[in-house]
Novice: 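Have a look at this one.
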Amino acid sequence: MDIATLAGLLIGAFFVLYGIVTGEMKTDNLWAFVNPSAMMIVGGGLLGAVAISFPVKELLRIPKVLMVCFRRRTDSPVELISKLVRFAEVARRDGILALEGVTDTIDDEFLIRGIQLAVDGTDPELIEQIMNTELDNLAERHTAGRRLFDGMTKYAPAWGMIGTVIGLILMLRNIEDKSAIGPGMSTALITTLYGAVLANLVFIPIANKLTYNNDQEVLIREIMIEGTLSIQSGDNPRIVKEKLVSFLPPEIRAQVEEETGERE
Amino acid sequence: MDIATLAGLLIGAFFVLYGIVTGEMKTDNLWAFVNPSAMMIVGGGLLGAVAISFPVKELLRIPKVLMVCFRRRTDSPVELISKLVRFAEVARRDGILALEGVTDTIDDEFLIRGIQLAVDGTDPELIEQIMNTELDNLAERHTAGRRLFDGMTKYAPAWGMIGTVIGLILMLRNIEDKSAIGPGMSTALITTLYGAVLANLVFIPIANKLTYNNDQEVLIREIMIEGTLSIQSGDNPRIVKEKLVSFLPPEIRAQVEEETGERE
Amino acid sequence: MDIATLAGLLIGAFFVLYGIVTGEMKTDNLWAFVNPSAMMIVGGGLLGAVAISFPVKELLRIPKVLMVCFRRRTDSPVELISKLVRFAEVARRDGILALEGVTDTIDDEFLIRGIQLAVDGTDPELIEQIMNTELDNLAERHTAGRRLFDGMTKYAPAWGMIGTVIGLILMLRNIEDKSAIGPGMSTALITTLYGAVLANLVFIPIANKLTYNNDQEVLIREIMIEGTLSIQSGDNPRIVKEKLVSFLPPEIRAQVEEETGERE
Amino acid sequence: MDIATLAGLLIGAFFVLYGIVTGEMKTDNLWAFVNPSAMMIVGGGLLGAVAISFPVKELLRIPKVLMVCFRRRTDSPVELISKLVRFAEVARRDGILALEGVTDTIDDEFLIRGIQLAVDGTDPELIEQIMNTELDNLAERHTAGRRLFDGMTKYAPAWGMIGTVIGLILMLRNIEDKSAIGPGMSTALITTLYGAVLANLVFIPIANKLTYNNDQEVLIREIMIEGTLSIQSGDNPRIVKEKLVSFLPPEIRAQVEEETGERE
Amino acid sequence: MDIATLAGLLIGAFFVLYGIVTGEMKTDNLWAFVNPSAMMIVGGGLLGAVAISFPVKELLRIPKVLMVCFRRRTDSPVELISKLVRFAEVARRDGILALEGVTDTIDDEFLIRGIQLAVDGTDPELIEQIMNTELDNLAERHTAGRRLFDGMTKYAPAWGMIGTVIGLILMLRNIEDKSAIGPGMSTALITTLYGAVLANLVFIPIANKLTYNNDQEVLIREIMIEGTLSIQSGDNPRIVKEKLVSFLPPEIRAQVEEETGERE
């Protein structure tokens with residue numbers, strides 16, 4: 001599990017609360033920040049805006065998309081490249097059909113499909129087209145998922161501001177007691193706070209994380225496509241490795257040497 | 001009908017109103033938010049700006065564009081792929097001319113046109129060019145429709161702000177009674193509220209939905225183009241299926257297997 | 001003439017003024033909004049910024065660019081396609097040289113040039129290159145014209161804000177009479193109003209209209225290029241029509257059928 | 001010299017000052033706007049931010065980049081095309097080697113280099129590659145120069161705002177005399193004014209002008225590349241002219257006819 | 001070491017502090033700007049948001065990424081080109097295998113790898129593919145590093161604003177003593193100041209510097225790729241130089257002449 005996401009939420013919340021309690025602006029009452037009406041305006045407005053923006057089908061995918069942020073990614077490009085180089089050795093030694101058996105050792109549907117197409121003797125250009133189409137559509141779907149959070153990123157502060165404007169309109173309207181202005185404004189500002197915290201502690205960070213995860217997954221997939229095509233074309237395992245390590249930063253290339261060396 | 005759009009509007013409006021009525025900022029008078037002058041400034045300014053931005057012809061398309069947001073999309077990519085795979089089987093078994101009859105079972109003009117061109121023995125490159133030109137221009141027109149809402153998305157809060165500035169200028173100008181400042185400001189802020197709600201509950205969500213719908217339609221059309229070309233080139237139905245399922249997320253590919261399996 | 005542009009200006013101005021006069025914020029004095037100093041600051045700042053941003057040569061083109069927004073576009077893609085299909089029939093029947101005579105019936109320099117090149121037997125690739133270069137540079141020049149308005153779109157509200165800051169600095173500096181704060185602020189806000197109205201009723205809408213007009217013209221030009229090349233390559237008129245209607249939305253394709261049918 | 005840049009600065013400054021002096025907000029003391037502390041905060045913050053953003057080497061290029069905005073551009077595309085057409089005539093009549101002599105009549109290094117490569121009998125593809133690489137890197141360097149001004153465009157208002165916040169914090173901190181609030185705020189706002197004027201009268205307009213100049217220079221260079229390649233391939237001078245005038249707006253093409261006609 | 005980064009920080013800090021102390025807004029107490037609660041809210045919120053946005057692995061790279069901004073770049077394109085031209089001379093004279101020895105004189109892994117591949121007689125297209133893949137992934141990783149600072153660039157002012165809203169809510173809530181409003185607001189504004197200074201003196205400038213450094217490194221790498229391929233294809237050293245100087249601004253090309261001339 002990727003604890004950074006959870007830790008980030010807790011860190012952010014803790015420091016903010018600690019700052020409030022200990023600071024010059026100390027207060028014995030954190031309840032000042034709990035306001036059901038404000039929650040309803042920001043939450044309801046946000047919910048309504050999102051429900052119009054995206055079809056129900058997409059909204060139901062939110063929990064799944066969120067899970068992605070909490071799940072620890074286990075695919076290591078180093079391991080993947082080592083595996084592909086070993087496949088290249090097998091294919092070079094025993095023919096491409098010998099790869100039929102190794103697909104059991106892979107737990108990624110995308111790579112299995114590619115290797116299977118190669119074993120079936122499919123035309124290389126067709127394999128490339130099929131795998132690229134799949135990758136493009138994967139990235140496209142990730143973009144759609146992220147767009148949902150991008151949307152909330154904009155709606156949250158906007159509805160926070162709307163709530164404050166509503167509060168100000170109501171308060172300023174019939175002021176008799178001047179001393180009520182302060183507390184009234186204080187209450188009106190709570191929706192702005194809600195909107196800003198939702199955006200800057202939840203939605204924007206999650207949208208960023210989704211972008212990051214997508215980039216990682218696309219990288220892994222690109223290595224898989226390059227590897228499958230290189231293996232099928234009967235490249236020397238050394239060439240396969242040479243091609244694939246180009247995707248990695250220089251400092252971790254040594255790890256590939258090690259891994260592939262151990263097994264040779 | 002896609003009830004999410006309507007539901008979203010109602011949800012947003014309900015929660016906001018409920019928040020107003022029940023909260024600390026309770027008021028027995030929702031009429032505080034109804035102000036004809038404010039409506040005129042925001043609405044009139046918005047209308048004027050839009051009328052300059054786009055030709056009348058485009059403005060008349062607004063209702064039609066809006067309808068798209070309320071209409072439930074019925075094209076399922078799974079069904080479409082199953083249909084195309086069946087066409088591939090027919091073409092493989094009885095020749096491409098046998099597809100002449102099946103066009104009656106399609107209710108999409110775009111696909112009918114593609115199949116018809118293939119049956120007529122048109123050059124594959126020409127088919128690809130014609131279908132891609134059509135798809136590009138479809139996306140182009142969708143973009144134009146969305147740009148209209150993008151425009152309103154910017155104009156609405158801007159005119160809300162302009163209304164507030166007008167209100168402040170008039171109010172601050174001849175203040176004799178200090179107690180009039182509060183209500184005056186309250187009134188001036190109403191246009192800001194109108195502009196912000198219009199933008200964040202109506203225009204931005206609709207622009208988002210139009211983007212989403214366009215992406216879906218482009219996906220469907222891309223599958224149609226790929227399918228038509230694959231069928232015409234006499235591909236094995238298995239290859240056709242392999243090519244087309246690459247457009248789908250892995251988790252719903254099984255449905256294609258099922259659908260095409262049942263009929264085999 | 002495209003009356004929408006003028007109508008939009010009037011609509012916007014009318015509703016805003018009507019809103020001011022009839023509303024709660026009624027005033028018998030619209031002169032409150034006329035302030036020569038404010039005009040000088042916003043107008044002068046805007047003028048200075050624009051004069052630095054663009055060379056004089058471009059600034060002199062502003063009236064011409066503006067005219068484009070008020071002129072009604074008369075090129076109809078439907079008519080153009082019908083004309084090109086008729087040309088294709090002539091070329092097919094009497095040879096491409098027969099098109100020499102028809103150029104008199106065209107009133108577009110771009111299309112005349114393309115047909116002339118085709119009649120001269122110029123290499124198709126060269127025709128494509130020449131016409132595309134011309135189209136690219138047309139779009140480039142349109143972009144330059146629009147950039148001018150995009151610039152003003154940013155400068156107007158900025159200078160409005162600068163005017164307000166100047167006003168506030170002067171007013172707050174030596175306040176003796178507290179009752180002067182209100183009117184002082186009122187005056188300072190007028191520049192903000194000028195800037196915002198200029199941007200949202202004039203510059204942004206015009207920039208949008210220029211974008212729209214450019215897109216229309218590029219579409220027309222693309223049809224002309226495709227048509228010229230298709231005619232020169234001796235395509236069947238039916239194929240020419242098939243290629244060109246792909247640029248149109250399905251609902252108006254029937255009109256092309258009608259127009260070209262009538263004349264056959 | 002391009003006087004527009006200087007004129008713009010003067011126009012902007014003049015109208016703003018005139019507006020201040022003559023307006024309702026008249027003051028006999030323009031010194032209210034001169035504040036050394038404010039200058040130090042805005043200028044120092046801006047300087048620090050820029051020094052971190054770009055290496056010293058780039059900062060030293062600022063005066064040179066600025067010069068570009070004040071220098072009048074003398075390259076006219078019309079003249080350039082006429083010259084290239086004449087070169088095409090020479091090359092056609094006397095062979096490409098005859099161009100060896102004409103390079104003395106050119107005062108542009110880029111074109112001289114291209115012609116020289118053509119005269120040397122370099123492979124056309126290599127010429128195209130070399131000239132395009134040079135053009136790409138020219139545009140790249142222009143972008144780098146412009147990015148510097150884009151940076152200042154953002155930093156100036158930001159540091160203006162920071163100065164105002166600093167001023168407010170200090171002033172609000174120990175208020176005893178209520179009458180000091182006005183003047184204090186007035187002083188705090190001066191940094192905002194500095195930042196906004198710097199951005200909207202200097203940095204943004206200059207960044208715009210640099211963009212414009214770059215576009216012009218790229219256009220000139222593209223004509224040079226096209227012309228050189230066309231001449232080398234032995235194109236008929238009529239074709240060379242046909243290709244090159246496509247880069248010009250229709251209304252000034254007649255000038256090319258004239259120029260090239262006169263000399264024939 | 002690139003002292004500009006450090007100097008920029010000191011310049012910015014110095015002028016701002018000097019401005020504060022000497023100005024009209026002089027204060028004998030800079031401690032007004034030190035507020036632990038404000039630091040906790042801005043710092044904690046920022047930390048939390050960043051921890052969610054990026055995986056721990058990336059966050060650990062921050063110090064390394066920062067180092068890049070303080071390190072002086074030593075690769076000079078002029079020197080690199082001179083070296084490549086000398087390699088071309090060697091390869092031309094003694095055969096490509098003679099380059100085996102020269103790799104010891106290179107201290108860049110990327111270039112060594114390219115030369116090695118060329119010496120090994122690898123297919124030119126494969127070399128190009130491998131080197132381009134490596135360059136693309138390098139740029140991709142740089143982008144990822146910069147995105148981290150882009151993120152903080154947005155979070156810092158947002159959390160500054162959130163802190164101010166929190167402060168205002170607490171202060172306005174129970175005001176009894178009117179004279180407490182000023183100091184309360186002063187304190188609330190400190191978080192805004194922190195956020196704005198962090199963004200405009202640290203994060204934005206660093207993000208800009210990273211962009212600049214990346215562009216420089218990509219340029220160097222492009223020259224290496226072009227040079228390696230040109231050498232392998234057995235180009236005349238004069239052609240190699242001609243190709244590579246196209247990457248440089250005209251004014252420093254003479255330096256290459258000099259350097260390569262000296263050694264000939």
Side-chain angles (χ1 to χ4, degrees), chain A residues 2-16 18-27 32-33 69 72-73 157 179 181-187 189-190 192-193 196-197 199-202 204-209 211-213 215 219 226 239 242-243 245-250, chain E residues 35-56 58-59 109-110 113 117 122 126 129-138 140-141 143-144 147 151 154-155 158-159 161-163 165-176 181 184 187-188 191:
Chain A
D2 181 1
I3 57 161
T5 308
L6 194 64
L9 273 169
L10 295 179
I11 289 169
F14 171 78
F15 276 101
V16 171
Y18 194 74
I20 292 171
V21 175
T22 63
E24 278 186 63
M25 31 187 176
K26 87 175 59 140
T27 172
F33 294 98
C69 291
R72 187 185 200 70
R73 294 202 53 81
S179 71
I181 294 184
M185 254 181 170
S186 172
T187 307
L189 279 172
I190 286 179
T192 293
L193 180 65
V197 170
N200 288 288
L201 194 54
V202 182
I204 302 181
I206 284 179
N208 276 337
K209 184 68 148 276
T211 302
Y212 180 85
N213 282 350
D215 289 354
L219 177 70
E226 191 63 45
I239 293 289
E242 202 74 60
K243 275 185 182 170
V245 294
S246 302
F247 286 91
L248 300 182
Chain E
N35 183 322
S37 302
M39 284 176 194
M40 252 181 267
I41 290 179
V42 176
L46 183 63
L47 190 64
V50 167
I52 300 173
S53 302
F54 305 96
V56 180
E58 288 293 320
L59 298 183
E109 284 298 325
F110 184 78
R113 196 175 174 210
L117 284 166
T122 316
L126 185 55
Q129 186 199 334
I130 287 177
M131 292 184 94
N132 275 329
T133 302
E134 187 159 348
L135 177 54
D136 289 350
N137 281 282
L138 175 90
E140 192 69 35
R141 282 191 302 275
T143 303
R147 199 141 45 191
K154 305 260 170 63
Y155 293 138
W159 281 98
M161 193 273 278
I162 289 174
V165 172
I166 290 175
L168 289 177
I169 291 174
L170 286 170
M171 178 203 70
L172 292 167
R173 209 162 147 257
N174 26 16
I175 288 180
E176 281 131 39
I181 295 184
T187 307
T191 55

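Labels below follow one simple rule: chain letters A, B, ... track the order of the sequence lines, proteins then strands, and each chain is numbered from 1. The figures here come from the full heavy-atom set of this structure, side chains too, leaving out hydrogens, waters and symmetry mates. All values reported here derive from a predicted model rather than from experimental measurement.
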Novice: Provide the closest heavy-atom pair for Ala51(E) versus Gly8(A) in the form atom of the first, atom of the second, distance.
Specialist: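 Between these two residues, the closest heavy atoms are CB-CA, 3.7 Å.
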Novice: What I'd like to find out is whether the side chain of Thr122(E) reaches to under 4.5 Å of the side chain of Glu242(A), using heavy atoms alone.
Specialist: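 A side-chain contact under 4.5 Å is absent here.
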Novice: Based on non-hydrogen pairs under 4.5 Å, which of Glu109(E), Gln129(E), Met39(E) is most in contact with chain A?
Specialist: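 Of Glu109(E), Gln129(E), Met39(E), Gln129(E) has the most heavy-atom pairs under 4.5 Å with chain A.
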Novice: Does any heavy atom of chain E fall under 4.5 Å from the side chain of Ile204(A), the backbone, both, or neither of them?
Specialist: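 Backbone plus side chain of Ile204(A), per the 4.5 Å heavy-atom cut-off to chain E.
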Novice: Chain A heavy atoms under 4.5 Å from Leu135(E): which part of the residue, side chain, backbone, both or neither?
Specialist: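 Interface part for Leu135(E): neither.
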Novice: From Leu193(A) CG over to Ile166(E) CD1, what is the distance, rounded to the nearest 0.5 angstrom?
Specialist: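 Leu193(A) CG to Ile166(E) CD1: 5.0 Å, rounded to 0.5 Å.
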Novice: Which pair of heavy atoms, one from Ser53(E) and one from Pro205(A), lies closest together, and at what distance?
Specialist: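 For Ser53(E) and Pro205(A), the tightest heavy-atom pair comes out as OG-CA, 3.2 Å.
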Novice: Is a side-chain donor or acceptor of Arg147(E) paired with a backbone partner of Asn208(A) at a separation under 3.5 angstrom?
Specialist: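 No: the side chain of Arg147(E) does not pair with the backbone of Asn208(A).
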Novice: Is Met161(E) close to chain A through its backbone or its side chain, or both, or neither, when contacts mean heavy atoms under 4.5 Å?
Specialist: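 Side chain of Met161(E) only, per the 4.5 Å heavy-atom cut-off to chain A.
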Novice: For Leu46(E), is it the side chain, the backbone, both or neither that has a heavy atom under 4.5 Å from a heavy atom of chain A?
Specialist: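 When you check distances to chain A, no heavy atom of Leu46(E) falls under 4.5 Å.
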Novice: Highest number of heavy-atom pairs under 4.5 Å with chain E: which of Gly184(A), Ser186(A), Gly12(A)?
Specialist: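 That would be Ser186(A).
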Novice: Of all residues at least two apart in sequence or in a different chain, which pass the side-chain contact (heavy atoms from CB on, under 4.5 Å) check with Pro250(A)?
Specialist: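 Arg253(A), Arg141(E).
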Novice: With rounding to the nearest 0.5 Å, note down the distance linking CD1 in Ile52(E) to CG in Asn200(A).
Specialist: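 Here the interatomic distance stands at 10.5 Å.
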Novice: Side chain from CB out, backbone as N, CA, C, O: work out which of these in Tyr212(A) comes under 4.5 Å of a heavy atom of chain E, or both, or neither.
Specialist: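 Just its side chain gets close to chain E.
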Novice: In terms of heavy-atom pairs under 4.5 Å with chain E, which of Leu201(A), Thr192(A), Val245(A), Asp215(A) leads?
Specialist: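 Greatest number of close heavy-atom pairs with chain E: Leu201(A).
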Novice: For Thr133(E), check side-chain hydrogen bond (donor to acceptor under 3.5 Å, both in side chains) against everything at least two apart and list the hits.
Specialist: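 Applying side-chain hydrogen bond (donor to acceptor under 3.5 Å, both in side chains) to Thr133(E) gives none.
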Novice: Let me confirm one number: the CG-CD1 distance from Leu47(E) to Ile11(A), rounded to the nearest 0.5 Å.
Specialist: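 So the CG of Leu47(E) and the CD1 of Ile11(A) are separated by 5.0 Å.
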Novice: Heavy atoms only, distances under 4.5 angstrom: which of Ala158(E), Gly44(E), Gly43(E) has the most pairs with chain A? Name it, please.
Specialist: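 Highest number of pairs under 4.5 Å: Gly44(E).
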Novice: Does any backbone or side-chain atom of Ile130(E) lie under 4.5 Å from a heavy atom of chain A? Answer side chain, backbone, both or neither.
Specialist: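 Contact with chain A is through both the backbone and side chain of Ile130(E).
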Novice: Pick whichever of Ala196(A), Ala207(A), Ser246(A) has the most heavy-atom pairs under 4.5 Å with chain E.
Specialist: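 Max contact count across the listed options: Ser246(A).
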Novice: Taking Trp159(E), Phe54(E), Phe110(E) one by one, which has the highest count of heavy-atom pairs under 4.5 Å against chain A?
Specialist: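 Maximum pair count with chain A is reached by Trp159(E).
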Novice: Does a side-chain heavy-atom distance below 4.5 Å link Leu126(E) with Lys243(A)?
Specialist: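 They are in contact (side-chain heavy atoms under 4.5 Å apart), so the answer is yes.
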